[in-house]
Protein chains: 2
Amino acid sequence: MADPQARLDEMITKLKERDHRLTPQRMAVLKILAANEGHPSVEQIYERVKADFPMTSLATIYKTVTLLKEMGEILELGFSNDGNRYDGIRPYPHPHLICTECKNIVDPDVATLSELRQEVAQSTGYQIVSHRLDFFGICPQCQEKE
Amino acid sequence: MADPQARLDEMITKLKERDHRLTPQRMAVLKILAANEGHPSVEQIYERVKADFPMTSLATIYKTVTLLKEMGEILELGFSNDGNRYDGIRPYPHPHLICTECKNIVDPDVATLSELRQEVAQSTGYQIVSHRLDFFGICPQCQEKE
DNA sequence: GTAGGTGCAAATCGTTTGCTGATTC
DNA sequence: GAATCAGCAAACGATTTGCACCTAC
């Protein structure tokens, strides 16, 4: 499930099932989201798409991202300050590790997470639907720079 | 540490130490944050303060909240959609449980959380500075309404 | 008296929306 | 050919800022 090409094909299939069209711009956005390098922001996607299609507008990126989000094909990491970030390769809740210096985002392995959800559900009576777990820190590269 | 009055006194002390003043509006904001009922938003604080001081402006609420945030006396829960929410009684990272229906926020007890941080730090080499853990679900009251 | 605070209005920034003309299927 | 999409500009909502007046200390 971490194969960008397979993920891209899957997204394309899902779009066609819903009678959505594959324009060159949209294709470029899909590729970037499926690659998921550093969990890009809309602005970053925009810059990369403009390299191939200089006419592209920000609104188009937003529209495609919103569509994929509604389809559940990408995971949105919302931030109240900076812009939101997106994960197109693992569109389900999972922990993230965010470098506060370079703003890169990676996926750490966390073994004991599902226990946490159960623990909270049992002790509170809530019906847990989703979760969000972010760790903030300084990545090894940025530590060296200091 | 969950005593609103003690927390209020502590905030007042911290403000005076920094040569900040205690205006009636600011006092009202502090009280609401120290009570921490449901982790209020700026808008909610504004509405409650206006009950006592109708002249109060939103900007003043924002300025006080920003000041307290910078002083580390309140915890900000940023949300990219809805407005941010604040915790004035436990101004350090801890898990939250958010009802997606009524938007209320409570603090669940989670035992195994500190292990998680260590696990991530060790396996990634990051210097973990902070974290954020949110669970989204439907609270018992809202479950009954359905 | 003075540093700091308040209230107002305007500015900001990420995101959304309305519309018109173009494009995919 | 028709439904969908792209691009542009205007609208939006939460938050911030600039500034003149005010007030706690």
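Every chain is numbered from 1 and lettered A, B, ... according to where its sequence line falls, protein lines coming before strand lines.
Counting to the nearest Å, the C1' atom of dA24(D) and the CD1 atom of Ile12(B) are 14 Å from each other. Spacing between atom NZ of Lys16(A) and atom P of dT4(D) amounts to 16 Å, rounded to whole angstrom units. The CG-C1' distance, from Leu67(B) to dT15(D), rounds to 16 Å in whole Å. dC12(D) atom C1' lies 14 Å from atom CG of Asn81(B), rounded to whole Å. Rounded to whole Å, the distance from CG on Leu15(A) to P on dT23(C) is 20 Å. Atom CG in Leu77(A) sits about 12 Å away from atom P in dT15(C), given to the nearest Å. Between Met27(A) atom CE and dC5(D) atom C1' the separation is 16 Å, expressed in whole Å. Between Arg26(B) atom CZ and dA3(C) atom C1' the separation is 12 Å, expressed in whole Å.
Checked against dG7(C), dC8(D), dT15(C), the side chain of Leu58(A) finds its nearest nucleotide in dT15(C). Closest to the Tyr62(B) side chain, of the nucleotides dA14(D), dA24(D), dT15(C), is dA14(D).
DNA chain D is contacted by both Asp19(A) and Phe53(A); Asp19(A) maps to the nucleotide lying nearer its 5′ end (nearest heavy atom per residue). Taking for each of Leu22(A) and Ala59(A) the nucleotide of DNA chain D with the nearest heavy atom, the 5'-most of the two is the partner of Leu22(A). Between Ser57(B) and Arg18(B), the residue anchored nearer the 5' end of DNA chain C, judged by the nucleotide with its closest heavy atom, is Arg18(B).
For a distance-only test at 3.5 Å, the side chain of Lys63(B) qualifies as a donor-acceptor partner of the base of dG7(C).
Distance alone, capped at 3.5 Å, is enough to place a donor-acceptor pair between the His96(A) side chain and the His94(A) backbone. Proximity of a side-chain donor or acceptor of Arg132(B) to a complementary backbone N or O of Gly78(B) within less than 3.5 Å is detected. Under the 3.5 Å distance criterion, the side-chain polar atoms of Gln143(B) are matched with a main-chain donor or acceptor of Gly125(A). A donor-acceptor contact shorter than 3.5 Å is absent between the side chain of Arg26(A) and the backbone of Thr64(A). Counting only distance, with no hydrogens or angles, the side chain of Arg85(B) and the backbone of Phe79(B) share no donor-acceptor pair below 3.5 Å.
One finds no side-chain N or O of Gln25(B) lying less than 4.0 angstrom from the OP1 or OP2 phosphate oxygen of dT23(D). A sub-4.0 Å separation between OP1 or OP2 of dC5(D) and a side-chain N or O of Thr64(A) is absent. For dA6(D), one of the phosphate oxygens OP1 or OP2 lies less than 4.0 angstrom from a side-chain nitrogen or oxygen of Thr23(A). One finds no side-chain N or O of Arg21(B) lying less than 4.0 angstrom from the OP1 or OP2 phosphate oxygen of dA3(C). For dG7(D), one of the phosphate oxygens OP1 or OP2 lies less than 4.0 angstrom from a side-chain nitrogen or oxygen of Thr60(A). Considering only side-chain N and O atoms, Asn84(A) lies nowhere under 4.0 angstrom from the phosphate OP1 or OP2 of dG14(C).
If you check every strand for non-hydrogen atoms under 4.0 Å, Ser80(A) touches nothing. Residue contacts shown for Thr56(B) are limited to sugar-phosphate atoms, with no base heavy atom under 4.0 Å away.
Cluster annotation: Met71(A) and Leu75(A) are assigned to distinct hydrophobic clusters (Ile/Leu/Val/Met/Phe/Trp/Tyr, side-chain heavy-atom contacts under 4.5 Å, transitive).
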